[in-house]
Amino acid sequence: MTWEDLDAHLDKVPGTVSAYVGRLGARPTWTRLPDATHYAASTMKAAVLVALYRAAEAGRLDLDDPVPVHNDFDSAAPGAPRFANDRDYDNDDAVWARVDGTAPLRWLAERMIIRSSNLATNIVIGHVGLPAVAEAWALAGARHSATGRGIEDYAAREAGIDNLVTAADLAALLGELALGARRPGPLASPAGCASMLDVLFAQEHREDLAAGLPEGTRIAHKNGWVRGLRHGAGVVFPADAPPYTVVVCTTTDLADGGPSGEETDDACRLIANISAQVWESRHKLAD
């Protein structure tokens, strides 16, 4: 199947499917609606991770210091009451088990990514601040993505404050992390970028992009989902080809909103199939 064939196939999918595929530091090989904005769901947590590590490298935070684990947060909407997360809407009991106790920021950041914990995300945002997350997007070269509020800040959502991403911006953020692990870049030191990649490599939700790759293939990735939406964004490191970025964002009725939708979620299967096709073309991507 050619990229044109894939586009023709995706034209028949209900909703909006965006994609970005390319080798690191090179022009993209294939894009589809790369600047279309989608609700971010949990993909915004990658930018929160960058903001946290940047704060640590600047000496504003210590990743290994214990911080309170709490479940009440300031709303991004001026004058709105504080809000809380719903445990049943989260994916990580380990963080909830520490409520009213403490945990290191490094551990909370890992749970934010590998289990996509909403509670851990809001705690980290509380320490770095939303302006620092915006700065992470900007330094990566993102043009349309925004992290305007925490997870489940419904008052802010009703006030029009939202979290948005594009396929191109997610590719820019993760691609810059991967490049930054090799040489100094705008996001963090090479050691800091490598540490963040290690967290993304440990991702446990592997139902979309990773499901389209051969077993054991290294992929640093973050996904996101709610009903009507499924995204996957990652950097793949083949043993026999240069690394490449692959991002697929879907806003579609095919997404059932579950965290582990491989068997039931058509959007997961769609993303896995795209990932598999990109893998088969890994030797032909543009330099």
Side-chain angles (χ1 to χ4, degrees), residues 37-56 60-63 65-138 142 144-166 169 205 222-231 251 255-259:
T37 55
H38 299 256
Y39 174 61
S42 291
T43 57
M44 49 76 80
K45 295 171 184 176
V48 177
L49 181 71
V50 173
L52 176 65
Y53 272 72
R54 284 181 52 78
R60 295 191 297 272
L61 295 171
D62 186 331
L63 295 180
D65 276 352
V67 300
V69 178
H70 57 91
N71 186 25
D72 66 307
F73 307 99
D74 289 328
S75 173
R82 290 170 69 83
F83 71 97
N85 289 125
D86 181 348
R87 183 169 185 166
D88 292 337
Y89 190 58
D90 210 333
N91 303 293
D92 191 4
D93 288 337
V95 179
W96 287 88
R98 298 202 185 194
V99 170
D100 296 327
T102 63
L105 280 167
R106 187 187 308 275
W107 182 81
L108 289 166
E110 291 170 354
R111 305 310 295 184
M112 172 179 72
I113 298 297
I114 69 171
R115 292 301 306 164
S116 207
S117 169
N118 294 335
L119 182 60
T121 302
N122 284 341
I123 294 170
V124 172
I125 288 175
H127 284 274
V128 301
L130 288 168
V133 184
E135 184 179 26
W137 283 117
H144 303 291
S145 296
T147 302
R149 60 174 175 82
I151 307 292
E152 298 175 72
D153 183 354
Y154 298 126
R157 184 182 68 183
E158 291 171 5
I161 303 168
D162 220 339
N163 299 328
L164 302 173
V165 292
T166 71
D169 288 349
H205 292 287
K222 185 69 194 83
N223 37 28
W225 57 87
V226 295
R227 183 169 295 278
L229 176 153
R230 184 88 190 197
H231 306 327
T251 300
D256 69 9

Any donor-acceptor pair under 3.5 Å linking the side chain of R115 with the backbone of N91?
->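 Yes, because the side chain of R115 sits within donor-acceptor range (under 3.5 Å) of the backbone of N91.
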Under 4.0 Å between a Lys/Arg side-chain N and an Asp/Glu carboxylate O for R149 and D162?
-> yes
So do the side chains of [X] and [Y] get within less than 4.5 Å of each other, counting heavy atoms only?
X	Y	answer
V95	L108	yes
H144	L164	no
R111	T121	no

Between D92 and S117, a side-chain donor and acceptor under 3.5 Å |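 Note: D92 and S117 side chains miss the donor-acceptor criterion.
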Enter the distance from [X]:[atom1] to [Y]:[atom2] here, rounded to the nearest 0.5 Å.
X	Y	atom1	atom2	value
N118	D90	CG	CG	4.5 Å
L119	M112	CG	CE	12.0 Å
D256	W225	CG	CH2	11.5 Å
K222	I114	NZ	CD1	10.5 Å
I123	L52	CD1	CG	12.0 Å
M44	N163	CE	CG	4.5 Å

Could you give all pairs that pass the ring-ring contact (aromatic ring centres under 6.0 Å, His included) test and reach residues 79-99, with sequence neighbours left out?
-> F73-F83
What pairs of donor and acceptor atoms, side-chain ones from residues 127-138 against any protein atom, are under 3.5 angstrom apart with sequence neighbours left out?
unit_1: W137; atom_1: NE1; unit_2: T147; atom_2: OG1; d: 2.9

Measure across [X] and [Y] and return the closest heavy-atom pair with its distance rounded to 0.1 Å.
X	Y	value
N223	S42	O-CB, 3.5 Å
S75	P81	CB-O, 3.6 Å
P104	R98	CD-NH1, 3.9 Å
A76	D153	N-OD2, 2.7 Å
E152	N85	OE2-ND2, 2.9 Å

So H38 and T251, side chain to side chain donor-acceptor pair (under 3.5 Å) or not? Walk me through it.
-> CA-CA 7 Å; H38 299 256; T251 300; 2.6 Å; yes
Sorted by chain and residue number, the side-chain contact (heavy atoms from CB on, under 4.5 Å) partners of P66 (sequence neighbours excluded) come out as T102
